[in-house]
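Predicted, not measured: the structure shown is a model, and the values here were computed from it.
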Amino acid sequence: MMKLVMVISARPGQRTGQRKLVHNLSCRGVSRIDFGSLKMSGGPGLESLVDQTISVITNDGRNIVGVLKGFDQATNIILDESHERVYSTKEGVQQLVLGLYIIRGDNISVVGELDEELDAHLDLSKLRAQPLKPVIH
């Protein structure tokens, strides 16, 4: 299960965006999303995730996974031990090592807590999915 922490680009009550997000994430092996603790802005929702593995989806459709080391009031985040997961319909998921990585808050669409146990059981070499399209505001 992926616990969704915040959505930056969605507007409050935007159900269509949630349906698209659920569909896109389900293509990536996420079986259940907890919208109960959803925060529509950054900041306080991230405090509990420091030193935990998270997944970040950027406005240009990239999926970056890493350990959250810090963030600020503009939701700029610092990830350690990070990698980008590149999805393809023809071959398995490629993981590009990024290491220590900073993502500007205005480039972040979604931040989610990653279930490390479930993630460890995924065979990314067999997973096929369309790459995410950029977020259009």
Subject >> Considering all heavy atoms, the nearest Val50-Lys69 contact >> reply: CG1-O, 4.0 Å
**OP:** First locate atom OG of Ser109, then atom CG of Asp60, and finally report the distance between them rounded to the nearest 0.5 Å.
**Re:** 8.5 Å
**OP:** Working to the nearest 0.5 Å, report the span between CD1 of Ile77 and CD1 of Ile103.
**Re:** 4.0 Å
Original post:
For Thr53, which of Glu113, Glu116, Glu81 qualifies under side-chain contact (heavy atoms from CB on, under 4.5 Å)?
Top reply: Glu116
**OP:** Might you point out which heavy atoms bring Gln130 and Tyr87 nearest each other, and give the distance in Å?
**Re:** O-CB, 4.4 Å
Original post:
Between Ile108 and Thr75, what is the shortest heavy-atom contact and its length?
Top reply: CD1-O, 3.4 Å
Side-chain donor-acceptor contacts of residues 89-98 below 3.5 Å, not counting sequence neighbours, with atom names and distances?
residue	atom	partner	partner atom	Å
Glu91	OE2	Gln94	NE2	3.2
Gln95	OE1	His83	NE2	2.6

**OP:** Looking only at non-hydrogen atoms, find the nearest pair between Leu114 and Ser55 and report the distance.
**Re:** CD1-CB, 4.2 Å
**OP:** Mark yes or no for whether Asn76, through its side chain, and Ile102, through its backbone, hold a donor-acceptor pair below 3.5 Å.
**Re:** no
Subject >> Reference residue Ile54; test side-chain contact (heavy atoms from CB on, under 4.5 Å); the match among Leu68, Ile64, Val65, Leu46 >> reply: Leu68
Subject >> Distance-minimising heavy-atom pair for Ser82 and Gly99 >> reply: OG-O, 2.5 Å
Subject >> Gap between atom CZ of Arg104 and atom OG1 of Thr58 - 0.5 Å precision >> reply: 13.5 Å
Subject >> Joint cluster assignment, Val67 & Tyr101, ILVMFWY side-chain distance < 4.5 Å >> reply: no
**OP:** Would you confirm whether Arg62, through its side chain, and Asn59, through its main-chain N or O, come within 3.5 Å as a donor-acceptor pair?
**Re:** no
**OP:** Drop me the distance from Leu122's CG to Leu118's CG, to the nearest 0.5 angstrom.
**Re:** 5.5 Å
